[in-house]
Amino acid sequence: MKMAIASTGESLDSQVDPRFGRCHWLILADTDDMSFEALKNRAAAAGHGAGVEAAQMVANMGCRGVVASTFGPNAAHALAQGGLAMYRFSGGTVREAIEAVKAGTLEQLNGANAAAHSGDRE
Amino acid sequence: MPSVAANSPAPLTISVAAGKGGTGKTLVSTSLAIELAYEYPDKVALLDGDVEEPNADLLMPTVFEDSQPVHILVPEVDAEACIHCGKCAEACQASAIAKIRDVVVTFHELCTGCGACAYVCPVDAIAEVPRKVGRIDRGIAAGSVEFTQGRSEIAQQHTGSVTSALKAHIKSGKVSIVDAPPGTSCPMQETIEDSDYCILVTEPTPFGLNDLKAAVETCRTLSVPHGVVINRDGIGDRAVEDYCKTEGISVLLKIPHERRIAEAYSRGETLVLAFPEWRGPLGQVFDAIVEEVAQ
């Protein structure tokens with residue numbers, strides 16, 4: 001199953017980025033064989049609509065779910081419309097997040113758990 | 001003192017901006033408009049272009065007469081007609097319409113009303129429907145100034161359409177003073193663009209100077225002639241004046257830092273209403289601008 005994990009870096013040992021829409025990298029991983037590709041998140045630079053762009057990107061690359069700590073309202077709505085699941089994970093590496101998804105221990109979110117623009121960088 | 005014989009002012013559009021917020025744009029714009037209206041009754045208009053937070057009406061006795069909504073057209077997708085080609089999402093620069101797998105999702109509060117999505121849709125599945133993004137209120141301020149303010153709807157991200165609707169009320173044949181929002185990003189640029197002159201109000205501090213430089217660069221890029229008013233003179237240093245001298249930018253007026261001016265402001269009285277001795281100097285600012293623009 002293909003999952004997107006918000007990441008601070010481009011490897012499986014990078015720390016998970018808490019923000020989805022404006023995370024630095026998106027790791028698109030196959031949870032069955034741990035193969036993955038790392039995408040620089042272009043949406044991070046957007047003044048508005050970063051959550052929408054990031055959601056489009058991961059959905060249109062075939063992901064069935066997304067892992068991060070916080071999801072804003074536009075990202076949550078877009079992902080829900082596309083039938084992608086949102087999972088909450090914090091304080092660990094991308095590899096640990098994937099293991100947790102496989103083990104089924106992650107909390108699944110029903111909607112946004114952060115306000116709009118919470119992930120804005122200075 | 002300006003010539004009393006002239007009964008028609010040069011019909012310039014003068015914007016008032018700053019860079020740094022809280023420097024006194026609205027103090028200057030309202031006072032300038034009121035002073036000019038004393039000299040040239042029925043020939044002066046004031047427009048409040050800070051559509052996210054209009055406040056000029058708070059500094060003058062204002063009577064509103066009329067309010068009209070501002071609408072933009074936003075997309076509504078016919079899900080049955082949609083063939084999920086994604087062209088609409090590709091065309092959108094504002095992330096207001098997205099294709100998430102086989103569903104097209106719209107985000108109306110991000111939409112700028114450009115119409116690109118409906119234009120590119122190969123099967124005409126996108127209808128454009130009106131969405132209220134703000135309103136334009138009109139009235140009379142201080143008994144003599146034709147006053148127009150723009151007000152954006154709360155949570156509306158793009159305010160440009162409200163600014164455009166406001167600027168449509170600039171009257172040729174009258175002096176129009178347009179109060180800009182703070183900063184130097186899109187809303188300020190849209191407000192000062194095409195004005196004949198921009199007054200940049202600053203305070204004589206490092207913060208004031210830093211943001212003034214950005215505002216000057218914006219004026220230069222937009223080819224808008226500009227000059228500076230230093231407000232709260234005395235609270236900082238000479239760096240702003242030295243910068244203006246080096247750059248050849250006129251310092252049109254200096255308003256000293258006086259508690260009584262702030263007190264009047266906090267009571268809702270702009271400078272010339274509380275202290276009529278400032279009328280003359282503001283009239284001279286206008287004359288100086290007319291001369292600069294004529295060159």
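Owing to the predicted nature of the structure, the values given are computational and were not obtained by experimental measurement. Scope of the values below: all heavy atoms of this structure, side chains included, with no hydrogens, waters or symmetry mates. Protein chains get the first letters and strands the later ones, always in sequence-line order, with residue 1 at the start of each.
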What heavy-atom pair brings Leu110(B) and Gly49(A) nearest, and what distance separates the two atoms?
CD1-CA, 3.8 Å
Chain B shares the most heavy-atom pairs under 4.5 Å, among Gly62(A), Ala46(A), Gly82(A), Ala43(A), with Gly82(A)
Just checking heavy atoms, which of residues 83-105 of chain A are less than 4.5 Å from chain B?
Gly83(A), Leu84(A)
Does Ile154(B) have any side-chain contact (heavy atoms from CB on, under 4.5 Å) partners at least two apart in sequence or in another chain, and if so, which?
none
Using only the distance criterion (under 3.5 Å, no hydrogens considered), which donor-acceptor pairs connect chain A with chain B?
{"from": "His48(A)", "atom 1": "ND1", "to": "Gln157(B)", "atom 2": "OE1", "distance (Å)": "3.0"}
{"from": "Glu53(A)", "atom 1": "OE2", "to": "Ser95(B)", "atom 2": "OG", "distance (Å)": "2.7"}
{"from": "Gln56(A)", "atom 1": "OE1", "to": "Lys99(B)", "atom 2": "N", "distance (Å)": "2.8"}
{"from": "Asn60(A)", "atom 1": "OD1", "to": "Arg101(B)", "atom 2": "N", "distance (Å)": "3.1"}
{"from": "Asn60(A)", "atom 1": "ND2", "to": "Lys99(B)", "atom 2": "O", "distance (Å)": "3.0"}
{"from": "Gly82(A)", "atom 1": "O", "to": "Arg101(B)", "atom 2": "NH1", "distance (Å)": "3.0"}

Residues in side-chain hydrogen bond (donor to acceptor under 3.5 Å, both in side chains) contact with Asn110(A), at least two apart in sequence or another chain:
none
